[in-house]
Amino acid sequence: MRSLSAFLSTLSATGLFATAALADNSQFQGADPHAMVIGRELWIFPTGGPGGAWEADRFGAFSSANLKEWRSRGTLIQRDEIGWIGEDGAREHFLWAPAVATRAGKWYLYYSVGPQNPTPSRIGVAIADRPEGPYRDSGRPLVGKAEKDPKPFEAIDPMVFSDPRSGRIYLYAGGSAGARLRIWELAPDMVSIRREVTIQQPRRFTEGAFMHERNGTYYLSYSHGRWNADDYSVHYSTASSPTGPWHYRGEILGSDARHQGPGHHSFVQSPSGDWMIAYHRWDRQAGPAPFKGERQVAIDRVRYERDGRIARIAMTDGAASPIWPGP
């Protein structure tokens with residue numbers, strides 16, 4: 001494993017590394033992948049990266065035109081470039097769970113800043129002229145410690161959704177301890193909040209919310225269970241608006257004979273119109289949870305039933321894995 005990590009680090013330094021260096025459908029080492037189509041390529045904005053090339057002190061991005069070779073897009077932002085990060089008095093800080101949005105020619109990177117205990121986590125936002133950055137922090141947390149909120153809330157796992165019907169822009173965040181989702185409407189500047197929306201809590205929600213819209217139906221998907229255990233899985237609810245009320249639909253992605261704990265995902269539609277899901281998973285381990293080692297980013301197909309429900313997603317390996325931009 002040590003030699004494999006060193007090999008991947010060398011490939012990453014050249015800017016291009018092959019999926020084949022990792023077995024089966026594992027695209028690369030990492031977690032919490034936010035997937036976007038930029039041009040005709042699939043971009044992934046994850047926590048971590050290949051061969052330990054990205055630690056919890058920075059974010060990177062990776063792109064592919066075929067889901068076989070991935071190009072490193074370099075560093076987006078580093079921890080020491082976030083001026084407010086030490087204001088909570090914690091000894092250490094970590095960055096995870098990025099999300100990216102674009103508006104009016106600018107790119108916005110939303111991210112979680114920890115620790116979560118004993119100090120509250122926070123969500124920051126940074127701005128760039130290009131998807132690969134460099135990103136400049138906005139100068140203050142978007143959501144976090146300054147709030148006076150008596151209810152348990154962890155400001156983690158941001159996701160931004162632009163409603164194609166109303167044009168409103170929503171920030172989804174929260175989960176883990178307290179398992180509480182919150183939604184805010186963002187101002188047009190994308191770095192300030194216009195208002196918080198009161199919502200019904202979705203069933204079996206733990207963390208990692210993602211919103212996408214298809215044929216007038218809004219799909220709120222999210223992780224359920226403990227992040228490093230076998231019950232970590234993806235569930236979803238639907239609604240006629242991006243803020244609910246939610247109709248719980250069930251689990252669509254869970255552990256199988258080869259892989260465990262799939263979750264913290266994003267949905268993406270390829271240029272050919274096919275829907276896919278990017279997520280992280282663990283290779284099946286002999287021992288019980290909590291799992292150890294590194295998570296892997298994987299990508300699989302999404303199929304919708306005639307009534308709009310999402311069919312159960314199968315985790316694939318090898319030749320059965322999807323290609324880009326088609327199935």
Side-chain angles (χ1 to χ4, degrees), residues 8-9 11-17 27-65 69-86 93-114 121-144 155-162 169 171-173 186-192 210 264 266 268 278 280 297 299 324:
L8 285 173
S9 294
L11 287 173
S12 181
T14 68
L16 188 69
F17 54 96
Q27 300 297 320
F28 52 81
Q29 177 182 304
D32 313 328
H34 184 97
M36 289 185 72
V37 177
I38 302 176
R40 292 190 64 82
E41 289 190 310
L42 180 65
W43 285 53
I44 298 285
F45 299 85
T47 299
W54 303 107
E55 304 295 343
D57 66 343
R58 69 191 69 189
F59 290 115
F62 307 89
S63 66
S64 178
E69 294 87 25
W70 288 86
R71 176 184 174 189
S72 173
R73 295 290 181 160
T75 301
L76 309 183
I77 193 171
Q78 296 188 147
R79 180 172 53 201
D80 59 7
E81 296 171 328
I82 303 170
W84 49 266
I85 201 167
H93 295 93
F94 309 97
L95 308 179
W96 77 94
V100 173
T102 184
R103 179 180 172 87
K106 297 290 185 181
W107 292 82
Y108 299 87
L109 175 71
Y110 301 84
Y111 48 89
S112 308
V113 174
S121 50
R122 294 160 291 169
I123 290 172
V125 55
I127 309 99
D129 297 321
R130 304 178 301 169
E132 63 268 39
Y135 285 80
R136 304 169 302 278
D137 181 71
S138 67
R140 65 184 187 279
L142 183 60
V143 177
I156 61 172
D157 300 351
M159 188 273 163
V160 170
F161 173 76
S162 180
I169 306 157
L171 169 69
Y172 301 73
L186 292 180
D189 65 6
M190 302 288 281
V191 297
S192 57
F210 191 87
H264 204 123
S266 53
V268 64
H280 70 237
V297 170
I299 297 170
W324 186 261

Counting C-beta onward and ignoring hydrogens, is there a side-chain heavy-atom pair between [X] and [Y] closer than 4.5 Å?
{"X": "Trp43", "Y": "Pro131", "result": "yes"}
{"X": "Phe210", "Y": "His34", "result": "yes"}
{"X": "Leu186", "Y": "Tyr110", "result": "yes"}
{"X": "Glu81", "Y": "Leu76", "result": "no"}
{"X": "Asp157", "Y": "Trp96", "result": "yes"}
{"X": "Phe59", "Y": "Val100", "result": "no"}
{"X": "Glu132", "Y": "Ser63", "result": "no"}

Which pair of heavy atoms, one from [X] and one from [Y], lies closest together, and at what distance?
{"X": "Val297", "Y": "Ala31", "value": "CG2-N, 4.0 Å"}
{"X": "Trp84", "Y": "Gly124", "value": "CZ2-CA, 3.7 Å"}
{"X": "Ala99", "Y": "Pro158", "value": "CB-O, 3.2 Å"}
{"X": "Gly48", "Y": "Phe62", "value": "O-CE1, 4.3 Å"}
{"X": "Ser266", "Y": "Ala35", "value": "OG-N, 2.9 Å"}
{"X": "Ala97", "Y": "Ser112", "value": "CB-OG, 3.8 Å"}

What distance separates [X] [atom1] from [Y] [atom2], expressed to the nearest 0.5 Å?
{"X": "Ile127", "Y": "Asp137", "atom1": "CD1", "atom2": "CG", "value": "7.0 Å"}
{"X": "Ile77", "Y": "Arg136", "atom1": "CD1", "atom2": "CZ", "value": "9.5 Å"}
{"X": "Gln78", "Y": "Tyr135", "atom1": "CD", "atom2": "OH", "value": "15.0 Å"}

Derivation of the side-chain contact (heavy atoms from CB on, under 4.5 Å) call for Val268 and Ile299:
CA-CA 10 Å; Val268 64; Ile299 297 170; over 6 Å; no
Counting only N and O atoms by type, is there a donor-acceptor contact under 3.5 Å from the side chain of [X] to the main-chain atoms of [Y]?
{"X": "Ser121", "Y": "Gly114", "result": "no"}
{"X": "Thr47", "Y": "Asp32", "result": "no"}
{"X": "Thr102", "Y": "Trp107", "result": "no"}
{"X": "Ser192", "Y": "Ala187", "result": "no"}
{"X": "Ser162", "Y": "Ile169", "result": "no"}
{"X": "Arg122", "Y": "Ile85", "result": "yes"}
{"X": "Arg79", "Y": "Leu95", "result": "no"}

The test is side-chain contact (heavy atoms from CB on, under 4.5 Å); show your working for Trp70 and Ile44 and say whether it passes.
CA-CA 10 Å; Trp70 288 86; Ile44 298 285; 3.5 Å; yes
Are Arg73 and Glu41 ion-paired here, with the side-chain N under 4.0 Å from a carboxylate O?
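So Arg73 pairs with Glu41 through a salt bridge.
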side-chain contact (heavy atoms from CB on, under 4.5 Å) evaluation trace for Lys106 with Met190
CA-CA 10 Å; Lys106 297 290 185 181; Met190 302 288 281; over 6 Å; no
Checking side chain to side chain contact (heavy atoms under 4.5 Å, CB included) against Tyr111, which of Ile123, Val125, Ile82 comes through?
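So the option named by the test is Ile82.
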